[in-house]
Asks: 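After the structure tokens below, expect a handful of questions from me.
All chains are named by letter (A, B, ...) in the order of the sequence lines, taking the proteins before the strands, and each is independently numbered beginning at 1.
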Amino acid sequence: MTGAPPAAWCVVGRGADGRTALLELDAQGARRGEAEFEASQLVAEVARREAESSPRWVWSDTATWYPRLLAAGVTVSRGHDLRLVHVILRHAQRVTQPGPLRAASAWDVAIAPPAETPASGPTLFDLDSSTRPGGVPHDLAAAVAEFSRQREALAGAEQRGRLQLLVAAESAGALIAAELQAAGIPWDVDEHDRILREALGPRPPAGGIPARMLEAAASVRQALGDPQLSLDSPPRLLRALHRAGIDVPSTSQWELTRIEHPAIEPLLRYKKMSRLLTANGWAWIEEWVHEGRYRPVYVPGGVVTGRWASSGGGALQIPRQLRPVLRADPGWRLISADVAQLEPRVLAAMSGDRAMIAAGAGKDLYSGIVEAGVVATRQEAKFGMLGALYGGTTGDSARIVPRLRQRFPDAMALVDGAAAVGERGGTVTTWLGRSSPAPESAWIQAQTRANLPDAAPGEQEAARRAARDRGRFTRNFVVQGTAAEWALSWMAALRLALSRFPPVDAAARATPSGPVFARRAHLAFFLHDEVIVHAPAGQAEAAAAAIRDAADAAGRLLFPGSPVDFPLDLSITERSAEK
DNA sequence: AGGTAGAGCGCG
DNA sequence: AAAGCGCGCTCTACCT
């Protein structure tokens with residue numbers, strides 16, 4: 001073995017006869033070693049190689065392979081998720097020599113299937129169950145072949161360095177998502193129950209309606225003079241409102257709040273309570289919180305822009321009202337951090353717009369826009385910026401965006417250009433290289449038909465509207481997608497830093513989380529531009545510093561030499577605070 | 001009975 | 001106040 005370079009890559013897959021196989025490659029992709037073993041030996045084989053050389057683990061699908069390792073207490077430092085990378089490379093415009101990669105194949109899975117819970121289902125690599133419905137191939141041979149195609153596609157890509165960063169960040173995200181699920185969010189069920197009782201009244205018998213909701217519903221029915229009315233049916237509710245002389249186009253909150261009528265206050269109260277009960281009530285607790293942890297399923301790459309989605313329990317929609325329910329274990333702390341105005345800052349960095357960079361230098365970008373004399377109030381700056389990023393055409397946006405265009409010409413040219421490309425059916429690409437999907441054939445046909453001489457006015461108008469809709473999507477895609485890349489890079493750097501924190505001794509372990517994450521500071525929550533780290537109290541300050549350092553590192557990694565900074569709002573608490 | 005579309009509302 | 005982007009979830013209405 002002397003002199004031989006260590007394995008740089010280790011591809012894992014299913015072998016023959018239900019066994020598991022792996023193939024070690026060196027940095028040039030040359031084969032260095034192979035092994036095949038019983039599936040039950042996977043954990044030991046991975047742990048040994050990870051300790052020896054920390055290769056980059058290449059596998060079909062992180063959500064299929066990694067939870068089993070985590071459940072056994074094994075983490076890996078680096079990965080390459082063939083499924084996620086395939087999606088990126090197959091659509092990337094910067095991949096100019098795709099070879100066979102762009103042809104339809106078993107790897108072309110449009111939507112990430114939901115992950116299995118490690119605890120559920122049969123044992124380790126029961127072969128049938130390890131193939132997730134609609135999933136990708138898990139055989140070693142298929143993985144090796146796909147990995148080879150991906151390496152070739154990457155080697156010939158434009159802006160290859162950036163695309164490689166994206167591939168690494170996406171794969172790190174897949175590891176993080178599995179680790180977040182394994183760790184779970186420390187969840188104070190008693191506090192949750194207290195908040196529910198305070199808002200709704202005592203818990204009713206199974207399936208019953210809480211007292212405060214019954215009371216509000218009765219007030220609404222009385223005020224509308226309709227004793228049988230069901231408040232849960234928007235069509236019926238709307239008809240009842242109309243009968244009572246309340247002229248609203250829908251039953252949505254913001255329409256109702258403008259109305260003066262005795263039915264409105266209890267109705268809004270009812271809607272609020274109904275939402276809390278059905279989305280995050282006692283049934284939710286029983287389904288999703290076990291042993292003091294909420295373990296959501298994160299879906300990396302679940303959004304076309306590269307943002308994560310979630311599946312099960314609505315992890316990314318936990319109402320602010322329930323934030324106090326996130327509570328650190330005894331002797332531990334929650335370190336919460338979110339980026340101030342991530343998307344505008346990303347836009348400033350991408351475009352190199354000097355005026356916008358200057359406005360954001362320091363702390364609050366929106367205040368900076370006010371101080372630069374562009375608008376009068378912070379609120380105007382915020383709505384104007386959202387209009388610029390989303391393509392707002394009405395109200396304050398229509399008034400303010402032209403001023404932003406004048407003062408921040410480079411930034412606005414970037415998003416306006418992305419919108420123009422989208423409107424004519426083109427593809428846009430994020431900073432690191434994720435490309436937007438091509439328009440659907442129905443969209444293209446509608447545009448084509450609208451251009452024919454005999455097109456009906458209605459067809460033309462519909463086509464123009466569809467074009468503008470797509471323009472708003474591509475306008476936002478470049479910014480939202482690049483912000484997602486920044487956030488992945490942030491988390492990847494943070495994860496690496498936290499993995500070097502010293503484990504705490506057995507007595508100080510957080511309980512009752514799993515065997516790996518009970519021992520040291522770990523990521524506990526992620527929401528687009530926000531992370532929460534769960535750490536022993538004595539390491540909380542160090543964790544906070546790691547979060548800040550990781551944000552700086554992400555900025556330097558994506559935008560080397562750019563003066564744009566990414567300031568954080570950060571707090572160290574025992575209980576997460578409602579904002 | 002079972003699948004889907006839309007309304008409505010939570011998050012960024 | 002939303003608006004203009006991206007989601008997931010629950011409920012009802014409506015379809016096959």
Side-chain angles (χ1 to χ4, degrees), chain A residues 111-112 114 230-239 248-259 267-268 270-281 283-284 287-288 296-323 338-344 346-347 379-380 382-401 404 415-416 418-419 422 428 430 436-437 465 468-484 486-487 525-531 579:
Chain A
I111 296 172
S230 159
L231 302 186
D232 298 324
S233 164
R236 290 186 213 186
L237 177 59
L238 190 61
R239 284 196 294 272
V248 282
S250 78
T251 65
S252 69
Q253 271 179 29
W254 78 272
E255 294 285 357
L256 295 175
T257 46
R258 305 143 58 127
I259 305 295
L267 175 54
L268 291 174
Y270 178 88
K271 281 169 163 278
K272 195 95 186 153
M273 290 188 281
S274 173
R275 167 77 195 187
L276 180 62
L277 176 70
T278 56
N280 297 101
W284 182 93
E287 184 174 359
W288 292 105
V297 177
Y298 296 91
V299 184
V303 180
V304 281
T305 59
R307 272 189 175 182
W308 288 10
S310 69
S311 163
L316 307 185
Q317 300 127 269
I318 296 168
R320 287 276 169 192
Q321 186 183 7
L322 288 181
R323 277 307 180 91
D338 66 273
V339 194
Q341 306 101 32
L342 175 58
E343 292 193 356
V346 159
L347 174 58
Q379 195 73 344
E380 280 185 313
K382 183 175 178 177
F383 283 130
M385 189 57 71
L386 291 180
L389 298 178
Y390 296 161
T393 55
T394 60
D396 285 354
S397 289
R399 194 165 52 80
I400 298 168
V401 169
L404 296 178
V415 285
D416 288 345
V428 296
T430 61
S436 65
R465 191 166 55 247
R468 284 193 301 270
D469 288 349
R470 189 158 193 280
R472 286 195 301 276
F473 167 64
T474 51
R475 169 190 292 274
N476 187 245
F477 183 95
V478 292
V479 180
Q480 186 182 120
T482 303
W486 185 94
F525 187 59
F526 169 61
L527 182 53
H528 305 316
D529 64 354
E530 172 185 2
V531 297
K579 282 188 194 168

Asks: State the NE2-CG distance between His528(A) and Leu342(A), to the nearest 0.5 angstrom.
Replies: 11.5 Å
Asks: Indicate syn or anti for dG4(C), taking the glycosidic torsion and treating anything within 90° of 0 as syn.
Replies: syn
Asks: Base, sugar-phosphate, or nothing for Arg475(A), non-hydrogen atoms under 4.0 angstrom?
Replies: nothing
Asks: Say whether, by atom type as modelled, one donor and one acceptor occur between the side chain of Trp284(A) and the main chain of Gly313(A) under 3.5 angstrom.
Replies: yes
Asks: Just wondering, do Leu267(A) and Leu237(A) contact through their side chains at under 4.5 Å, heavy atoms?
Replies: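 Side chain of Leu237(A) against side chain of Leu267(A), heavy atoms only: contact under 4.5 Å found.
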Asks: Would you classify Phe477(A) as touching base, sugar-phosphate or nothing, given that sugar-phosphate means primed atoms plus P, OP1 and OP2, and contacts are heavy atoms under 4.0 Å?
Replies: nothing
Asks: Check every strand shown and say whether Ser397(A) touches a base, only sugar-phosphate, or nothing at a heavy-atom separation below 4.0 Å.
Replies: base
Asks: What stems, by residue range, does DNA chain C take part in, given at least 3 consecutive Watson-Crick or G-U pairs under 3.5 Å?
Replies: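 Result, WC/G-U stems under 3.5 Å: B:1-12 with C:5-16.
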Asks: Hey, which sits more toward the 5' end of DNA chain C by its nearest nucleotide, Trp284(A) or Thr305(A)?
Replies: Thr305(A)
Asks: Quick one: are Asp232(A) and Tyr270(A) in side-chain contact, heavy atoms under 4.5 Å?
Replies: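 Counting from C-beta outward, Asp232(A) and Tyr270(A) do come under 4.5 Å.
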Asks: Quick one: label Asn280(A) by what it contacts on the DNA or RNA (base, sugar-phosphate, nothing), any heavy atom closer than 4.0 Å.
Replies: nothing
Asks: Within the 4.5 Å heavy-atom criterion, are Gln379(A) and Asp396(A) side-chain neighbours or not?
Replies: no
Asks: Heavy atoms under 4.0 Å is the rule here; annotate nucleotides 4-12 of chain B 5' to 3' with B where the base is hit, S where only the sugar-phosphate is, and - elsewhere.
Replies: ---SBBBSB
Asks: When you check the gap from the basic side-chain N to the acidic O, do Glu343(A) and Arg307(A) get nearer than 4.0 Å?
Replies: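 Looking at Arg307(A) together with Glu343(A), the answer is yes, because their closest N to O distance falls below 4.0 Å.
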Asks: Is there a side-chain contact (heavy atoms from CB on, under 4.5 Å) between Lys271(A) and Leu256(A) once you walk through the steps?
Replies: CA-CA 11 Å; Lys271(A) 281 169 163 278; Leu256(A) 295 175; 3.8 Å; yes
Asks: Which two nucleotides bound the region of DNA chain C that has atoms under 4.0 Å from heavy atoms of chain A, read 5' to 3'?
Replies: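 Answer, 5' to 3': dA2(C) to dA13(C).
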Asks: Looking for any heavy atom pair under 4.0 Å, which part of the strands does Ala279(A) touch: base, sugar-phosphate only, or nothing?
Replies: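 No contact at all - Ala279(A) keeps every heavy atom at 4.0 Å or more from the nucleic acid.
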Asks: Check for a donor-acceptor pair, side chain of Thr474(A) on one end and backbone N or O of Ala418(A) on the other, with a separation under 3.5 Å.
Replies: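 Side chain of Thr474(A) to backbone of Ala418(A), a donor-acceptor pair under 3.5 Å: yes, one is there.
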Asks: Quick check for you: to the nearest 0.5 Å, what is the distance between Leu347(A) atom CG and Gln341(A) atom CD?
Replies: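 CD of Gln341(A) is found 13.0 Å from CG of Leu347(A).
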Asks: Closest nucleotide of DNA chain C for Val304(A) versus for Glu287(A): which of these residues is on the 5' side?
Replies: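 Whichever sits nearer the 5' end wins; that is Val304(A).
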Asks: Find out whether Leu386(A) and Ser397(A) are in side-chain contact, i.e. whether some heavy atom of one side chain is under 4.5 Å from a heavy atom of the other.
Replies: no
Asks: Starting from the C-alpha separation in whole Å, work towards a yes-or-no answer on side-chain contact (heavy atoms from CB on, under 4.5 Å) for Tyr298(A) and Leu316(A).
Replies: CA-CA 9 Å; Tyr298(A) 296 91; Leu316(A) 307 185; 4.1 Å; yes
